[in-house]
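Beneath this line is the structure, given in structure tokens, with notes to follow.
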Amino acid sequence: KIPEKIISPFEEDYYTESGRNAFKNYTRFSFPKYLKEIIKENAKLNVLDLGCGYGNYIELIHENFKGCRIVGIEKNANVYESTSKKFKNHTNVKIINKDFFDFKPGDKYDVILMNYVLFYFNAEEKRKVLKKAKSILNKNGSIILCQYIPAIEDLKKELAKRQNDFTISREIEMYYSDKILYANTLWNDAVDTFSEAVKWDELKTIISSLNLEIASMTNADRFYYSLFIELKSI
């Protein structure tokens, strides 16, 4: 337990930029494949990206799934300005500078993305975010989380085995990846930019309390540092 938060030495958009670098190097390779497995033949999606950052995932969806309508919500004004300019000529993409709790959608969505956003909320706020996301989800729609979570080493090993991906070299990569993950988890709990690190048992309890279920899961990168977790209504 950290007795009190420390002031982050970085501006908030530093973390957004860090996320963009991680995306370029790792998750951009696995995300389109995973999304295609989930949506199958339904290519014309109505997509919401909560905390869209610089629009990395929006760009991938736009490139791989023609005919989609995409809304990105970004609270940080500087990041919003950059992202809205990036997609200004894309008539199927709308970027909104707003807090998700103040967002009043006119539509429901087939896919709602939450990429590295849960550690900005405490337990009660996490529940409220997922509850609101569920309320604007189409029937049979999916909430997709991309998140690193500590203390689930055994779960990740089992996941790798089920995917026929558990080799000695992979196990070594996962071991050192987890060391970095724990450092980032401590940072999430320590600095004032974040609320608290994501805890697996707590997250499962929240999911269950909202009558959601984990429909699928896979690694978001080769190191199993982060996972893609698909939630659906029961």
Side-chain angles (χ1 to χ4, degrees), residues 1-6 8 15 18-19 22 26-27 30-31 34 37-38 49-51 100-101 111-137 141-163 165-166 170-234:
K1 291 286 185 179
I2 305 297
E4 61 182 65
K5 291 282 189 177
I6 61 174
S8 174
Y15 299 99
S18 177
Y26 305 112
T27 54
S30 54
F31 177 72
Y34 180 59
E37 290 174 354
I38 290 173
D49 189 350
L50 169 57
F100 181 59
F101 292 120
V111 175
I112 299 177
L113 304 177
M114 297 186 191
N115 302 304
Y116 302 109
V117 298
L118 289 181
F119 40 43
Y120 289 103
F121 306 106
N122 61 35
E124 182 56 31
E125 290 167 341
K126 287 181 178 70
R127 188 179 189 281
K128 289 179 179 178
V129 166
L130 289 171
K131 182 178 181 180
K132 180 166 184 177
K134 180 187 176 184
S135 73
I136 59 175
L137 196 64
S142 298
I143 300 169
I144 301 177
L145 312 177
C146 183
Q147 187 65 59
Y148 56 81
I149 303 171
I152 58 169
E153 289 85 355
D154 289 342
L155 184 151
K156 291 191 287 188
K157 287 180 181 179
E158 287 302 316
L159 178 61
K161 290 175 182 177
R162 289 202 304 270
Q163 297 179 157
D165 189 36
F166 193 67
R170 182 71 72 234
E171 186 174 14
I172 293 171
E173 289 177 337
M174 292 167 71
Y175 174 82
Y176 286 104
S177 171
D178 283 326
K179 299 301 181 185
I180 300 170
L181 188 155
Y182 274 94
N184 277 332
T185 297
L186 180 61
W187 192 250
N188 294 158
D189 279 337
V191 299
D192 59 354
T193 302
F194 306 96
S195 179
E196 60 182 23
V198 179
K199 305 171 184 68
W200 181 241
D201 288 342
E202 179 182 87
L203 179 61
K204 288 195 299 180
T205 298
I206 292 170
I207 290 169
S208 177
S209 73
L210 295 173
N211 288 321
L212 292 165
E213 65 177 355
I214 298 175
S216 68
M217 183 187 307
T218 193
N219 53 307
D221 53 79
R222 61 177 290 182
F223 310 106
Y224 289 73
Y225 179 86
S226 299
L227 300 177
F228 288 126
I229 303 171
E230 179 195 14
L231 307 180
K232 296 180 79 72
S233 296
I234 297 175

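Throughout, residue positions are numbered sequentially from 1 according to the sequence presented. No experiment lies behind these values; they were computed from the predicted model shown.
Side chain of E125 to backbone of N122: a donor-acceptor contact under 3.5 angstrom is found. For Q163 (side chain) and T218 (main-chain N/O), no donor-acceptor pair under 3.5 Å exists by modelled atom type. Looking at Y225, its side chain never comes within 3.5 Å of a backbone N or O of A220 through a donor-acceptor pair.
Between F100 and V117 the shortest side-chain heavy-atom distance does not fall below 4.5 Å. Contact check for T205 versus E202: no side-chain heavy atoms found under the 4.5 Å cut-off. Between Q147 and F119, some side-chain heavy-atom pair lies under the 4.5 Å cut-off. With contacts defined as side-chain heavy-atom distances shorter than 4.5 Å, the pair E230/E37 does not qualify. Considering only heavy atoms from C-beta on, D221 stays 4.5 Å or farther from S30 through its side chain. Between D178 and F223, every side-chain heavy-atom pair lies at or beyond the 4.5 Å cut-off. Looking at heavy atoms from C-beta onward, D49 lies in side-chain contact with N115 at the 4.5 angstrom threshold. Residues K134 and L231 fail the side-chain proximity criterion, which asks for heavy atoms closer than 4.5 Å.
Taking both residues in full, the closest heavy atoms of A123 and E196 are given as N-OE2, 3.1 Å, listed atom of the first, atom of the second, then distance. Nearest approach of M114 to A133, heavy atoms of both residues: CE-CB, 3.5 Å. When all heavy atoms of I149 and V198 are compared, the pair lying nearest together is CG2-O, 3.6 Å. Residues T185 and A197 share a closest heavy-atom pair of CG2-CB, 3.4 Å.
Under the side-chain hydrogen bond (donor to acceptor under 3.5 Å, both in side chains) test applied with Y15, the options Y120, W187, Y116 reduce to a single match, W187.
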Quick one: do S233 and L212 satisfy side chain to side chain contact (heavy atoms under 4.5 Å, CB included)? Show the steps, please. CA-CA 5 Å; S233 296; L212 292 165; 4.0 Å; yes

Residue pair I38, F228: steps toward the side chain to side chain contact (heavy atoms under 4.5 Å, CB included) verdict: CA-CA 11 Å; I38 290 173; F228 288 126; over 6 Å; no

Check the pair Y34, I144 against side chain to side chain contact (heavy atoms under 4.5 Å, CB included), reporting the backbone distance first and the verdict last. CA-CA 10 Å; Y34 180 59; I144 301 177; 4.2 Å; yes

Test side chain to side chain contact (heavy atoms under 4.5 Å, CB included) applied to L145 and L130, step by step: CA-CA 10 Å; L145 312 177; L130 289 171; 4.3 Å; yes

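Atom NZ of K128 is surrounded by 12 or fewer heavy atoms from other residues, nucleotides or ligands within 6.0 Å. By the 6.0 Å contact criterion, NZ on K5 is enclosed, its count of non-hydrogen atoms from other residues, nucleotides or ligands being greater than 12. Within 6.0 Å of the CG atom in D192, the count of heavy atoms belonging to other residues, nucleotides or ligands exceeds 12. Enclosure of atom OH in Y175 is not indicated, since only 12 or fewer non-hydrogen atoms of other residues, nucleotides or ligands lie within 6.0 angstrom.
Remark: E153 does not engage K156 in a salt bridge, criterion side-chain N to carboxylate O under 4.0 Å. Using a 4.0 Å cut-off between charged nitrogen and carboxylate oxygen, E124 and R127 do not count as a salt-bridge pair.
Annotation: cation-pi geometry not satisfied between K126 and F121 (NZ/CZ under 6.0 angstrom from ring centroid, within 45° of ring axis).
S226 and Y26 are not linked by any side-chain donor-acceptor pair at a separation below 3.5 angstrom, with hydrogens and angles left out of the test.
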